[in-house]
Amino acid sequence: MIQSANPQIRPRRSALYMPGANPRALDKARSLDADALILDLEDSVAPQAKEEAREAVCARVAQHAYGARETVIRVNGPGTAWFEADFTAACAAGPDAILIPKVERACTLFDIAIRLREAGAPGHTRIWAMIEMPGAILRIAEIAACTQDPATRLDCLVMGLNDLAKETRARFTPDRAGMLPWLQSALIAARAHGLDILDGVCNRLEDMAAFEAECRQGRDLGFDGKSLIHPAQIAPANAIFAPDRDEVAQARAILAAFALPENAGKGVIALDGRMVERLHADMAERVVAVVEAIDGRAKASTQSGS
């Protein structure tokens, strides 16, 4: 478990999809510096390889093969021929989270809550929800509100822009203008209910500048990190979604200023020629907590040797 000033904060700057049917990729993931690994049983796995992928992924997760990285199993969606076996096996393996595809209604997550209990999933296993269908955008507030019921274990939303583009016929443009309403609606809903949320993947593997631009856009919108499809995307995502040196220095200065005896109880103070409010101190606390969580994951990875 990653320790930080706020134990609920866990770095999720980079969440890399790994195809469950590719043993070499699953083994390579042990050496990658992604904050989270999404071990995929869904889109990247052909129907004839589903069972083999399930066994390979769940065996590695049960063996704690990925050290300090957050391990997430993406199962096939409810209603598919593979969901029941995927979900039962994932619960038994005990990952950090199970990612449910194509969540469109709150009732899906309440049903998942019942299944978690029936399957005896360990208490640390959380639920992530893919937001990738038009219905999910229309009902995003209801979906995010499920986290108010602890039984759902809902912890994170993941944008699925490829499916949304397919369903809406929207085109991918460099500024993602047509997708911004979806991104912002989901982000507001996540924040209203204390959820983390990850930006969707960038398909332009050969254009690192385009990828970095998407990361900066996602960061500026308020996303916690980005879902990735190639290991080369990890380092840029980790750098862009982490607080930079100046931001951290400023945060520490704000906290130090409010900690001075003469500022005790004050709602507003002057610092370096500008007015700083308590809300800025709250923001600064989160910046420092995120940095400590990132440092904690790095130390845990070093100690575990993975």
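Side chains are part of it too, since the values below use all heavy atoms of this structure and drop only hydrogens, waters and symmetry mates.
Distance alone, capped at 3.5 Å, places no donor-acceptor pair between the His193 side chain and the Ala190 backbone. Judged by distance alone, with hydrogens and angles left aside, the side-chain atoms of Lys226 form no donor-acceptor pair with the main-chain N or O of Ala15 at under 3.5 Å. Looking only at distances, a side-chain donor or acceptor of Ser227 sits under 3.5 Å from a matching main-chain atom of Asp199. The main-chain N or O of Ala232 is found under 3.5 Å from a side-chain atom of His230 such that the two form a donor-acceptor pair. Using modelled atom types, no side-chain atom of Arg274 and backbone atom of Ala270 make a donor-acceptor pair closer than 3.5 Å. Using a distance-only test at 3.5 Å, with no hydrogens or angles considered, no donor-acceptor pair links the side chain of Thr147 to the main chain of Ala144. Within the 3.5 Å criterion, the main-chain N or O of Thr80 finds no donor-acceptor partner in the side chain of Asn76. Between the side chain of Glu132 and the main chain of Leu161, no donor-acceptor pair closer than 3.5 Å is present. The main-chain N or O of Arg69 is never found under 3.5 Å from a side-chain atom of Asp35 such that the two would form a donor-acceptor pair. With hydrogens and angles ignored, the 3.5 Å screen pairs no side-chain donor or acceptor of Ser185 with any backbone N or O of Trp182.
Taking the salt bridge (charged side-chain N to carboxylate O under 4.0 Å, His left out) definition, one finds that Asp111 meets it with Arg115, sequence neighbours left out. Listed by chain and residue number, Asp86 satisfy the salt bridge (charged side-chain N to carboxylate O under 4.0 Å, His left out) test with Arg54 (two or more places apart in sequence, or in another chain).
Both Leu32 and Met208 are part of a single hydrophobic cluster, where members link through side-chain heavy atoms under 4.5 Å apart. Criterion: ILVMFWY side-chain heavy atoms under 4.5 Å apart, direct or through other members. Under it, Leu221 and Ile197 are part of a common hydrophobic cluster. Put simply, Leu195 and Leu116 are part of the same group of oily side chains (I, L, V, M, F, W, Y) that touch within less than 4.5 Å, one to the next. The same ILVMFWY cluster, assembled from side-chain heavy atoms under 4.5 Å apart, contains both Ile98 and Leu39. Hydrophobic cluster membership is shared by Ile140 and Leu109, with clusters built from Ile, Leu, Val, Met, Phe, Trp and Tyr side chains linked at under 4.5 angstrom.
Annotation for Glu206: atom CD does not count as buried by contact number, only 12 or fewer foreign heavy atoms lying within 6.0 Å. In Asp282, the CG atom is crowded: over 12 heavy atoms of neighbouring residues, nucleotides or ligands sit closer than 6.0 Å. Within 6.0 Å of atom CD in Glu212, more than 12 heavy atoms from other residues, nucleotides or ligands are found, so the atom counts as buried in its surroundings. Counting heavy-atom neighbours within 6.0 Å of Glu52 CD, excluding the residue itself, gives a total of 12 or less.
In this structure, Arg10 pairs ionically with Asp96, as a charged nitrogen and a carboxylate oxygen lie closer than 4.0 Å. Contact check on Lys102 versus Glu42 returns a salt bridge, with a Lys/Arg side-chain nitrogen under 4.0 Å from an Asp/Glu carboxylate oxygen. A salt bridge links Arg12 to Asp196: at least one charged side-chain nitrogen sits closer than 4.0 Å to a carboxylate oxygen.
Atom CG of Leu205 and atom CD of Gln233 lie 6.0 Å apart (nearest 0.5 Å). Atom OG1 of Thr125 and atom CD1 of Ile73 lie 8.5 Å apart (nearest 0.5 Å). The distance from atom CZ of Arg74 to atom CD1 of Ile38, rounded to the nearest 0.5 Å, is 7.0 Å.
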Verdict with reasoning, Val103 to Met130, per side chain to side chain contact (heavy atoms under 4.5 Å, CB included): CA-CA 6 Å; Val103 174; Met130 290 291 304; 5.7 Å; no
Let's go through Val75 and Ile100 carefully: what are the C-alpha distance in whole Å and the side-chain angles of both, what is the deciding distance for side chain to side chain contact (heavy atoms under 4.5 Å, CB included) to 0.1 Å, and is it a yes or a no? CA-CA 6 Å; Val75 297; Ile100 308 298; 4.0 Å; yes
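With respect to Asp224, the salt bridge (charged side-chain N to carboxylate O under 4.0 Å, His left out) criterion is satisfied by exactly one of Arg191, Arg13, Arg219: Arg191.
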